[in-house]
Amino acid sequence: MSTQVIGAALSLRDIGKQFGTVTAAADVNLDVEPGEFISLLGPSGSGKTTTLNMIAGFEEPSGGRIMINEKDITDIPIHRRNIGMVFQGYALFPHMTVEKNVEYPLKQHGFDKPERKRATDEALAKVSLEKYGARMPAQLSGGQQQRVALARAIAYKPPLLLMDEPLSALDKALREGLQTEIRRIHRDLGTTVVYVTHDQDEAMALSDRIVVFNEGRIQQIGTPNELYKNPSNEFVSQFLGESIHLDGLIEEQGSGHEFVRDDFRLPTEVDHRGPAQLMIRPESVELISASSAEQSGPTVAAEIIDKVYVGHSVKYMVSCRGGGGVVRSRQTDVDDFTIGQEVLLTWEAARSRILPLATSAKNGEES
Amino acid sequence: MSTKQSRTAVLAWPALLLVALGFIVPVAIILVMSVTDPQPGTQNFEWLATNSTAHDIMWRTIYIAVLATLITAVLAYPFAYLMATSSTLVRSILMVVVLLPFWTSMMVRAFAWIIILQKNGLLNTVLGAFGIEPLTILGTNTAVLIGMCQILMPFMVLPMVSVMVGIDSRLPLAARIMGAPKWKAFLQVYFPLSLPGVFAGSLIVFILSLGFYVTPALLGSPRQQLIPNALFTQVLELLSWGKGGALAVATLVMVGAVFLLLFLVAKVMGIKIGKIGGGL
Ligand SMILES: Nc1ncnc2c1ncn2[C@@H]1O[C@H](COP(=O)(O)OP(=O)(O)OP(=O)(O)O)[C@@H](O)[C@H]1O
Ligand SMILES: [Mg+2]
């Protein structure tokens, strides 16, 4: 079996990038552990590619330093950074066969011929394309081309592997297959991976930790679970998966604080006054019919605006005054709500999170 | 052919008619004349095969055409590269620069070169100021080449640019992140991908340079004639349509041979032949 590599440690210190008046990235600070799989997640234009390009050396940072294994590489030319990369949309060399493509980095790094052959075969086997070595890239399907791009990036076992939305051009089934493959390769190889995506499910499924970007700035860094359960601001909670959001106010109440709406009040630890938002994950919310009397927690009147069957559960889109979102219930439990029906949302107070609005970003990072 | 196709095919008729009347018919007439004038027989081709002056003229023409192709290719490549890799604004400006010569007639440009290259011309005046001996350029093949290359430049630049803008700009970056220094990334990735443009441009320039008349007539010497000037002499001065016809047929064969050669080279190098056409 293949030997493991020692993954590189990557550190970004106050990295920023300015394109004229556009701030593509600012104050980016990140420490990636050796062998870690980290995702940069954020909406379009949030600075993910820019950040990745600065690590690769395609863009020069306007400020800050980039370190690999404690060594400053900010001014080292691209070809001496010892980084592997999978580009969005493959970027295979169209004039070379699959084999020559995969062999290319090995050649540049001075491997001798038998070693090149062995590593090429191994990389192609890893992505199940052993038989396609002699083809030209144009003679492959999209998924196969993406696998060649993957094989080419891992062939010489770089200690750091960058991937920029490698699966975004593929359909869902292919994407999931390749996600499994990428995870397996990462495990086998032990290389450090920085993975760019705007798909939260993909980031959740693959990563040890996720870095959430918005408007060029890091919003939060954490494990998928941390981000999902403890988003540090409104943006992160909105962006990471579906949830119910309810607008309200935080008011001082005696010695503590309370989140206040005209349909319920909840005590909160958040030390803040002013507009706030309450957030509940879809699986923590229960839907009950409007006439039901059994209420243990807070309740909010809502209307069902859409209903989607997903596997064993039903997803309800609900809307209510000052809020709305998605509720997920098991099909066997509740399947009797119809679109347009008036319902009540209820949940255990402890399962909800309250986030102050406006100043939320700063508060989040301190916590 | 479907009815829709046959209906749209009508659109091609005017152009086809023009090609038929303006090209195929005269070529056929010349072909016929080359074996019938002044009397039926192969005497014109025998003349071409045995006359050493005719040989000199043909070899000189090929030699100049090859040189013109090489020189324009070497000069046009960096220019085209610059065009293909710069911003839209810079590219438009450079495009105007390339097309500028098209706005003046060949005649005017040839006279401009005379002013620059003649014995007491601009070039020698400048050289003289630095104490350099005056050069004899006007009336030589060098002057012809200079004049031709200047005119031919756009025909080389444009096909090159059209292929180069189609090259994914991330490919050289991909090569670099895989460990290739800048020059290797260029040589191993960008350059091979730009070759269809080089081939297309070379083909056009070579063929065009076989047909230059005004430039050699004004900048060259009558003792160093090229095929078009020899044709003129044969047909319009000596009224020998047959010999002129034979010379024209020989040129046609040469063009065909070059086409074939380039296509073979392209095939061996794995360059898609369709792409050469696509580059035009
Ligand atoms: N070369 C450039 N010149 C000017 N602005 C740029 C340039 N490259 C990126 N930007 C801007 O910087 C911001 C961040 O872009 P970036 O490509 O990093 O986004 P992204 O997070 O990768 O988005 P996507 O998910 O759409 O790929 C955007 O607003 C973009 O318009
Ligand atoms: Mg991007």
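What's counted below: heavy atoms across the whole structure, side chains too, no hydrogens, waters or symmetry copies. Just so we're on the same page: letters track the sequence lines, and every chain starts at 1.
- Among all heavy-atom pairs drawn from B:Ala180 and A:Tyr104, the shortest one is CB-OH, 3.6 Å.
- Nearest heavy atom pair, residue A:Met96 against residue B:Gln188, reads CE-O, 3.8 Å.
- A:His109 and B:Gly179 make their closest contact through CE1-CA, 3.9 Å (heavy atoms, listed as atom of the first residue, atom of the second, distance).
- A distance of 12.5 Å separates OH in A:Tyr90 from CG in B:Asp168, rounded to the nearest 0.5 Å.
- For B:Tyr63, the OH atom is loosely surrounded, since the number of other residues' heavy atoms within 6.0 Å does not exceed 12.
- Taking a 6.0 Å sphere around CZ of A:Arg80, one finds it holds 12 or fewer heavy atoms contributed by other residues, nucleotides or ligands.
- The two residues A:His95 and B:Pro192 have their closest heavy-atom pair at CD2-CB, 3.6 Å.
- The number of heavy atoms from other shown groups lying within 6.0 Å of NZ (A:Lys100) does not exceed 12.
- Within the 4.5 Å cutoff, the side chain of B:Arg176 has heavy atoms near those of the A:Pro77 side chain.
- For the atom pair CZ (B:Arg170) and CG (A:Asn53), the distance works out to 10.0 Å, reported to the nearest 0.5 Å.
- The heavy-atom pair separating B:Leu193 from A:Pro94 by the smallest distance is CD2-CG, 3.6 Å.
- Counting heavy-atom pairs under 4.5 Å between each of A:Gln88, A:Arg81, A:Lys107, A:Met85 and chain B puts A:Gln88 at the top.
- Between B:Ile177 and A:Phe58, the shortest heavy-atom distance links the atoms CB-CZ, 4.0 Å.
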Next item on the list: Given side chain to side chain contact (heavy atoms under 4.5 Å, CB included), test B:Met178 with A:Leu106 step by step and report yes or no.
Entry: CA-CA 8 Å; B:Met178 287 178 237; A:Leu106 296 160; over 6 Å; no

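- More than 12 heavy atoms of other residues, nucleotides or ligands shown are found within 6.0 angstrom of CG on B:Leu187.
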